Amino acid sequence: MRGSSSSYFSQFWSSALRSKPLGKSSDAIGANTGEGLVRRLGPFDLLLLGIGASIGAGIFVVTGTIARDAGPGVTVSFLLAGASCALNALCYAELASRFPAVVGGAYLYTYTTFNELTAFLVFTQMMLDYHIGAASIARSLASYIVNILELIPSVKDNIPNWVGHGGDDIFGFLSFNILAPILLVLLTIILCRGVGESTLVNTVMTITKVTIVLVVIIVGAFEVDDSNWSPFAPTGFKSILTGATVAFFAYVGFDAVANSAEESKRPQRDLPIGIIGSLLVCVVLYAGVCLVITGMVPYKLLGEDAPLAEAFKSKGLNFVSILISIGAVAGLTTTLLVGLYVQSRLYLGLGRDGLLPAIFAKVHPTRHTPIHAQIWVGIVACILAGLLNVTLLSHILSVGSLAGYSVVAACVMALRWDNNNNIDTQHSTNLMSKRTEGITCITVIAFCGFTAGILYRYGGSTLAYIFLILPLAIAILAAASLHFRQVYKDPPGFSCPWVPIVPAVCIFFNIFLFAQLHYEAWVRFVVLSIVAAFLYAFYGQYNAIHENDDTGYYHRLQATESQ
């Protein structure tokens, strides 16, 4: 019995520690076999994809919410958050250039750099964020559409709450909504029809909302009273920094570009452009809206639900408030569309690797879309959006994204380590000790980030803030060890600057933000990790497709690009 148990755990760890060789991971799926997606996305499409994923109702709501606490300093909050996301985007851009051929994003990077089990854990954590986020966005979109319909006098006050706003709570968590699932079905159909149709919708909607945001900034600039900007930080820098932790989540979405690798025409060149370019556009738009909204109205008078629209109403510019509502609908539509798109591509990647049932790996022979994965994603989103009060689930969001971004930053460092992927058996002990040392330093940086975040969150005295110096100093020493003790090779394609310093800063700040989340988000992280480990133990490890299996999935990227 003991021998059987020992044999099982030996097999489990042997499977869990498998990784996908870099050569295999950099291969492409042959579109001409009917198993792959079609390369139709150019740099402009990828740029709009990233903007569409990031700019949603947040620009019309979150900006005002943070401004009520940070005052005009909300602009600095968004700039700080944008700078942090820019560092994460640099890490994503390098790996997107290095893995240009197949879908998978953070999951694929982790599978190649570390191991199979960690990659599966990253997938489950990020996927729950995507599922809950899609349901929440669908409900918000339904509510905005109803608000626009209610501008018609004959319709106002005649639409029941359960149609778009959500019915009364039942048992504290059930809340019926009819319109949200209908919208999800329509978007799922668009995505199933093909990347051309979904790209067209995203392009039209994204251009519409960016145009509206620019109109809002330009019109609002003429209504600015610069006396409203004084004092610029009425509640101090801590409120600005706290606002930055909230604003960070308004930028997430650039990873959607990385997940479109297999549909990009020239991925090694265009993916970094899409990732970094979309983020820079979002930073400019957010900063412009923040300056306008705090200059038009004293920050204490900003509304709770629709601060930007109310600010223009207070100036008698009702036509702009209508434009803002239209922009919010366009923004939510693109964010939801891209979110569903990303989810289906992640399921496609795991289906191909055998970690999920093979049905998710099937691509429609003529539409060239992962139709089964897309339908599954739509069904899950419809159930969550139609039945649950997703507001109750919103405070457990973002933990998966922060964890995934941190792992991506770690992948950048680990893949740069010399001889990391081709270990000579004669020197394996020495090389592995170097790798272990590097991973230990990365873990220390993450732990210090969490400790600093806890001290910042719960420390109400000067002494507690002094103690912040200790984890910061230890993290600096660990980063110095990574810099001087490891040998780094320059990667092909786009290169993240100042490695390992930039990835180390990403990990520290991401985990710092992790510590700011609600404690239930931490519980969710632990519980979901345990559940995912069991799923892997009872299904994934037995069905994973090894790199030496004769699957016929992977073909050389060079052959694809030469076509």
Side-chain angles (χ1 to χ4, degrees), residues 20-33 35-51 53 86-113 195 199 253-281 338 341-342 345-346 348-349 352 368 405 408-409 411-418 420-422 488-499 502-503 506 553-563:
K20 188 191 292 272
L22 182 59
K24 288 277 185 181
S25 300
S26 298
D27 296 341
I29 307 299
N32 57 347
T33 65
E35 296 171 343
L37 307 178
V38 177
R39 296 187 179 278
R40 296 178 178 174
L41 302 180
F44 186 67
D45 298 315
L46 294 171
L47 185 68
L48 292 179
L49 187 69
I51 297 172
L87 298 181
N88 283 283
L90 289 172
C91 294
Y92 257 99
E94 174 173 321
L95 296 182
S97 175
R98 197 162 184 170
F99 296 77
V102 287
V103 295
Y107 153 77
L108 174 64
Y109 309 152
T110 308
Y111 197 173
T112 302
T113 309
V195 68
T199 301
F254 53 81
D255 57 328
V257 181
N259 281 285
S260 62
E262 198 175 317
E263 291 160 290
S264 173
K265 292 178 181 178
R266 299 183 62 182
Q268 287 179 305
R269 184 200 67 175
D270 296 344
L271 290 177
I273 293 174
I275 292 172
I276 298 174
S278 61
L279 180 62
L280 292 178
V281 171
V338 175
Y341 167 90
V342 170
R345 270 57 183 177
L346 282 172
L348 172 64
R352 284 172 173 169
H368 296 288
Y405 289 175
V408 166
C411 289
V412 170
M413 289 186 280
L415 282 174
R416 292 270 200 109
W417 293 336
D418 197 16
N420 181 52
N421 295 290
N422 298 293
Y488 296 89
K489 295 189 300 184
D490 292 330
F494 179 85
S495 175
C496 175
W498 303 311
V499 173
V502 166
C506 287
Y553 275 143
Y554 296 104
H555 303 275
R556 295 302 300 169
L557 171 64
Q558 290 87 344
T560 302
E561 290 187 337
S562 65
Q563 292 177 355

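Here the structure is a predicted model, which is why all the values come from computation and not from measurement.
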Residues that V281 engages under side chain to side chain contact (heavy atoms under 4.5 Å, CB included), provided they are two or more places apart: I51, L285

Rounded at 0.5 Å granularity, tell me how far CG in L279 sits from CG in L87. 9.5 Å

Quick check: closest heavy atoms across R416 and E94, and the distance to 0.1 Å? NH2-OE1, 2.8 Å

My understanding is that only residues two or more places apart in sequence, or in another chain, count here; which of them pass side chain to side chain contact (heavy atoms under 4.5 Å, CB included) with A106? Y92, V122, M126, V408

Grab the two heavy atoms, one from A89 and one from I276, that are nearest each other, plus how far apart they are. O-CG1, 4.5 Å

Looking only at heavy atoms, the pair that brings L47 and G277 closest together is CD1-C, 3.3 Å

Specify the closest pair of heavy atoms between V338 and A53, including all atoms of both residues, with the distance to one decimal. CG1-CB, 3.5 Å

Checking T112 side chain against Y109 main chain: does a donor-acceptor pair fall under 3.5 Å? no

Roughly how far, to the nearest 0.5 Å, is CG of L46 from CD of E263? 9.5 Å

Working to the nearest 0.5 angstrom, can you tell me the gap between I273 CD1 and S278 OG? 11.5 Å

As an exercise, state the distance from CZ of R40 to NE2 of H368, rounded to the nearest 0.5 Å. 7.0 Å

Residues A96 and L271: closest non-hydrogen pair is O-CD1, 3.4 Å

Taking side-chain hydrogen bond (donor to acceptor under 3.5 Å, both in side chains) as the definition, give me every residue that meets it alongside D255, ordered by chain and number, with sequence neighbours left out. Y130

Separation between CE (M413) and SG (C506), nearest 0.5 Å, reads 8.5 Å

Return yes if some donor-acceptor pair links the side-chain N/O of S264 with the main-chain N/O of A261 below 3.5 Å, else return no. no

So if I apply the side-chain contact (heavy atoms from CB on, under 4.5 Å) rule between V412 and each of V499, T113, V502, which one comes out positive? V499

Are Y405 and C91 close enough, and set up right, to give a side chain to side chain contact (heavy atoms under 4.5 Å, CB included), and what steps lead you there? CA-CA 9 Å; Y405 289 175; C91 294; over 6 Å; no

Could you tell me the separation between the CG atom of L49 and the OG1 atom of T199, rounded to the nearest 0.5 Å? 7.5 Å

Just to verify, what does S97 make a side chain to side chain contact (heavy atoms under 4.5 Å, CB included) with, not counting sequence neighbours? Q268, P272, F494

Quick one: side chain to side chain contact (heavy atoms under 4.5 Å, CB included) partners of N259, sequence neighbours excluded? V342, L346

For a 4.5 angstrom cut-off between non-hydrogen side-chain atoms, does L108 reach K20? yes

